[in-house]
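Taking it in order: structure first as structure tokens, then the write-up.
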Amino acid sequence: MTLSPKQTQATVHTPVHVIGGGLAGSEAAWQLANRGVPVILHEMRPERQTDAHQTEGLAELVCSNSFRSDNPETNAIGLLHEEMRRCGSLILAAGDQARLPAGGALAVDRHVFSDSVTQAVSDHPLIEVRREAIDALPPEDWDSVIVATGPLTAPGLAMAVQELSGADYLAFFDAIAPIVYKDTIDFDKAWFQSRYDKDGNDGAKHAQGQGDYINCPFDQAEYERFIDALLAAETTKFQTWEQDTPYFEGCLPVEIMAARGRETLRFGPMKPVGLTDPRTGERPYAVLQLRQDNALGTLYNLVGFQTKIRYKQQKEIFRLIPGLEEAEFARLGGLHRNTFINSPQVLDARLCLKAVPRLRFAGQITGVEGYIESASIGLMAGRFAAAERLGEPHSPPPETTALGALLNHITGGGDPATFQPMNINFGLLPEIQPPAGQKKIKRKEKKPMLSRRALEDLDGWLASDPARVAAE
């Protein structure tokens, strides 16, 4: 890669240190380097492995392979996708390159995705990747640090930050869904179909026996038997220090949902609406959906079936699912702990720790939930740190954008007394006024209007970026 004049001048700048090579850390490093600021990215794997990771690649996906809806007009996460693309996001570029069929969602081949991010970061002339664990407060001479250690922050570093901030850490558990081999699914019972035939071609795939999801149908007796098995399952035991850790409501283990009521799953991840069993021509009583997990189409994950059931029992229970009686599992479900700080209490508007401003935070540790939300905080942290290093003014994204709304929530909009992890949603964006002469905005028009305003305001923010103005 040939260095630009700005990159050549970067040698006069002291590097910014980024701790953590997940989605947020990789995105932060990319944003810094592309603005001419040298970066040292510290990733503890493979020197120190985790219970959740399986490789040493950067930006490894350890839970779902879906980045959720990619529709910017009617879905807030889709809007966040589009905003990040316009900001030159590495994570969205790699996601688009590794895209798999998933209806209106952006699902990726996890290995292609991680390999793409790893290569891009490793090849960048202004990024040095160091494979080492940072298990204490960074040295004083690291005058600009982005902590993007995600849910598995090294204990020593976590304790140091906790002592500095004077605030308690909060924690919850993320559970991992099982993955099965497609060729072990019984298609005499299962069939391909996206819910409401939302596979991008008005149901043509369904008519041809194809689709973005595999569906396993239950009648009432099969469903009741399955729920009984879930309720009787033995789960992994918590350590003493884990016992009071709450779950994140958006990623509950399937057995926890079952315990909340026998119909919970049938109105949640197993809802049958929008699906028709081709054998009967009717809607099933309940349905398990499986989503493609790799580009080859050989692996499928059980959608919404995160679990902490013991491995041996997982196979027995999930083979009660019609169509999975002979299923072989490429990966069984698991459990990992997630930690995050009380960001509204301890971070300023540019993601700096109030007690020690040389430390910035990004990713899940800030109290956002979701791959793209985590990466988006990395994007903003990288831009803020670059502007600071270059001596350039740089305002936060407008609160009317998905980026700005999420940033505002974790740095002041959220209530510190009740702060919990948050996905992006339209409820975080300021209300929009009805057009002239119209008293009220129709419900179906509101989200598209919020999205249009967000993208217009984002474009204005990007146009005023000192880095872009200087380049032009």
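These numbers come from a predicted model, not from an experiment.
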CG-CD distance between Asp115 and Gln119, expressed to the nearest 0.5 angstrom: 8.5 Å
Heavy-atom pair with the smallest gap, counting every atom of Ala233 and Ile317: CB-CD1, 3.5 Å
Close side-chain approach of Glu373 to Leu80, heavy-atom, < 4.5 Å: yes
Residue list, ring pair (Phe, Tyr, Trp, His ring centres under 6.0 Å) with Trp142, at least two apart or on another chain: His17, His42
Within-4.5 Å side-chain heavy-atom neighbours: Trp30 and Ile91: no
Verdict with supporting geometry, Thr307 and Gln314, side-chain hydrogen bond (donor to acceptor under 3.5 Å, both in side chains): CA-CA 9 Å; Thr307 184; Gln314 283 189 42; 4.9 Å; no
His81 and Asn75: side chain donor to acceptor below 3.5 Å: no
Closest non-hydrogen atom pair, Ser26 against Leu90: O-CD2, 4.1 Å
Gln97 and Ser116 side chains, donor-acceptor separation under 3.5 Å: yes
Short N-O contact, Arg266 and Glu263, less than 4.0 angstrom: yes
Test item: Ser144 side-chain N/O and Val16 main-chain N/O as donor-acceptor pair under 3.5 Å: no
Distance (rounded to the nearest 0.5 Å) between Arg86 CZ and Thr401 OG1: 11.5 Å
Beyond-backbone contact of Leu58 with Glu43, side-chain heavy atoms, under 4.5 angstrom: yes
Minimum heavy-atom distance between Ala362 and Gly378, given as atom pair plus value: CB-CA, 3.7 Å
Residue pair Arg110 / Asp293, side-chain heavy-atom distance below 4.5 Å: yes
Contact check, side chains of Gln289 and Arg195, non-hydrogen atoms, under 4.5 Å: yes
Ring centers of Phe113, Phe67 separated by less than 6.0 Å: yes
Exceeds 12 heavy-atom contacts within 6.0 angstrom, atom CD of Glu132: yes
Residues Arg85, Asp96; criterion side chain to side chain contact (heavy atoms under 4.5 Å, CB included); working and verdict: CA-CA 10 Å; Arg85 288 187 178 102; Asp96 289 335; 2.8 Å; yes
Audit row: Phe361, Val161, side chain to side chain contact (heavy atoms under 4.5 Å, CB included) steps and yes/no: CA-CA 11 Å; Phe361 286 79; Val161 173; 3.5 Å; yes
Salt-bridge contact Glu388-Arg360 (side-chain N to carboxylate O under 4.0 Å): yes
Salt bridge flag under 4.0 Å for residues Lys312 and Glu234: no
Pairwise side-chain contact, Arg130 with Ile40, heavy-atom cut-off 4.5 Å (strictly under): yes
Side-chain heavy atoms of Leu106 within contact of Arg99, under 4.5 Å: yes
Residues Lys446 and Glu431 bridged, charged N to O under 4.0 Å: yes
Any donor-acceptor N/O pair, Asn65 side chain to Val108 backbone, under 3.5 Å: yes
Thr74 versus Asn71, side-chain donor and acceptor atoms under 3.5 Å: yes
Other residues, nucleotides, ligands: >12 heavy atoms within 6.0 Å of Lys271 NZ: yes
Side chain His13, main chain Gly36, donor-acceptor under 3.5 Å: no
Salt bridge present between Arg358 and Asp141 (N-O < 4.0 angstrom): no
Shortest non-hydrogen contact from Lys354 toward Gln345: NZ-O, 3.4 Å
Contact summary for Asn423 and Asn425, nearest pair of heavy atoms: O-ND2, 3.1 Å
Arg453 and Asp457, any side-chain heavy atoms less than 4.5 Å apart: yes
Ser64 and Arg291: side chain donor to acceptor below 3.5 Å: yes
Check ion pair Glu445-Arg452 (N to O, under 4.0 angstrom): no
Where Thr411 and Leu351 come nearest, the two heavy atoms and their spacing: CG2-CD2, 4.0 Å
